[in-house]
Amino acid sequence: MSELNIHGIGMTSQRTRDRLVDRLEQKGIHHKEVLRVLRKLPRHLFMDEALASRSYEDTALPIGHGQTISQPYIVARMTELLIEQGMPEKVLEVGTGSGYQAAVLGALVKELHTVEIIEPLYKNARDLLYKLGFRNIRSHLSNGAWGWEQNAPYDAIIVTAAPDTIPQALLDQLAAGGRMVIPVGKQRSTQYLKVISKEANGSISIEDHEAVQFVPLV
Ligand code: SAH
């Protein structure tokens, strides 16, 4: 990380980041490891310099190509839901976008595969994650609705764009005992965050969580 200016001043300082994380805690985020990683990770590096001054507001922001970096609360909440039953080893993320959610997970789990469908976003995130020192994150350019079969099965899958229905390929690539966190629902109608568990015998159970607003899974 040394070549990058991660210390910064003003809006990019540790104090600003601490304030954001304090707010997330007040909103109910409680997983100690998630809070620790969010305090450390420089979110401003994952967005355009023109928007960097807003990077520690708890809101989604544009990253170009009609896409957004997810709201910090949602990143924290989805991460918490993914790991609350124990830390998964091998994880798949669908929708790399800025790479911020990938970095949060990369700091927590042993091996992360992340799939993005828009080439410039894939390249940016891949290069940034490498510069930040992550060596356990593998970026792939592909349609994530197909999952990433080469490295399946995954202990956990996180989807950061919303499909109308849960893609069968992702259910197939989830390991027995694994968990998937995914927003599901049509655009412009209410989407819900769902947690899907695959039991040891392969049966699936689904829990509904909060209403969310994600860009569509294409
Ligand atoms: N996790 C991201 C959120 C990005 S928004 C972050 O932390 O910044 C969702 C991303 O999903 C966008 O970059 C979009 O291009 C990507 N996406 C949408 N449909 C996809 C698909 N079928 N396969 C892979 N990526 C997809």
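The basis for the numbers below is simple: all heavy atoms, side chains too, and nothing from hydrogens, waters or symmetry mates. This is a predicted model, so every value here is computed, not measured. Ligands are counted one by one from 1 in listed order, and the atoms in each one are counted from 1 as well.
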Practice task
Give the residue and atom name of whichever protein heavy atom lies nearest to atom 23 (N) of ligand 1, and the separation in Å to one decimal.
Solution key: Gly144 N, 2.7 Å
Practice task
Under 4.0 Å, heavy atoms only, figure out whether ligand 1 is touched by the backbone of Leu121, its side chain, both or neither.
Solution key: side chain
Practice task
Please list, chain by chain and in numerical order, all residues satisfying side-chain hydrogen bond (donor to acceptor under 3.5 Å, both in side chains) with Gln168, sequence neighbours excluded.
Solution key: Asp172
Exercise for the section: Closest by any non-hydrogen atom to atom 25 (N) of ligand 1: pick that one out of Val215, Ile117, Val104. Expected result: Ile117
Practice task
Under 4.0 Å, heavy atoms only, figure out whether ligand 1 is touched by the backbone of Gln67, its side chain, both or neither.
Solution key: side chain
Exercise for the section: Applying side-chain hydrogen bond (donor to acceptor under 3.5 Å, both in side chains), name anything that partners Glu93, two or more places apart in sequence or on another chain. Expected result: Thr114
Practice task
Run the salt-bridge test on Asp155 and Arg179 with the 4.0 Å N-O cut-off and return the result as yes or no.
Solution key: no
Exercise for the section: Considering non-hydrogen atoms only, spot the tightest contact between Trp148 and His140 and give its length. Expected result: CZ2-ND1, 3.1 Å
Problem - Region of Glu93 that comes within reach of ligand 1 [heavy atoms, distance under 4.0 Å] - result: side chain
Practice task
Report yes if the side chains of Val115 and Trp146 come closer than 4.5 Å at any heavy-atom pair, otherwise no.
Solution key: no
Fill in the blank from the handout: Out of Pro216, Gly95, Pro72, the nearest non-hydrogen contact to atom 18 (C) of ligand 1 is supplied by Pro216
Practice task
May I ask you to identify the nearest protein heavy atom to atom 13 (O) of ligand 1, giving residue, atom name and distance to one decimal place in Å?
Solution key: Glu116 OE1, 2.8 Å
Handout entry: Thr96, portion touching ligand 1 at heavy-atom distance under 4.0 Å
Key = backbone
Exercise for the section: Using a 4.0 Å heavy-atom cut-off, say whether Ser142 meets ligand 1 through its side chain, its backbone, both or neither. Expected result: backbone
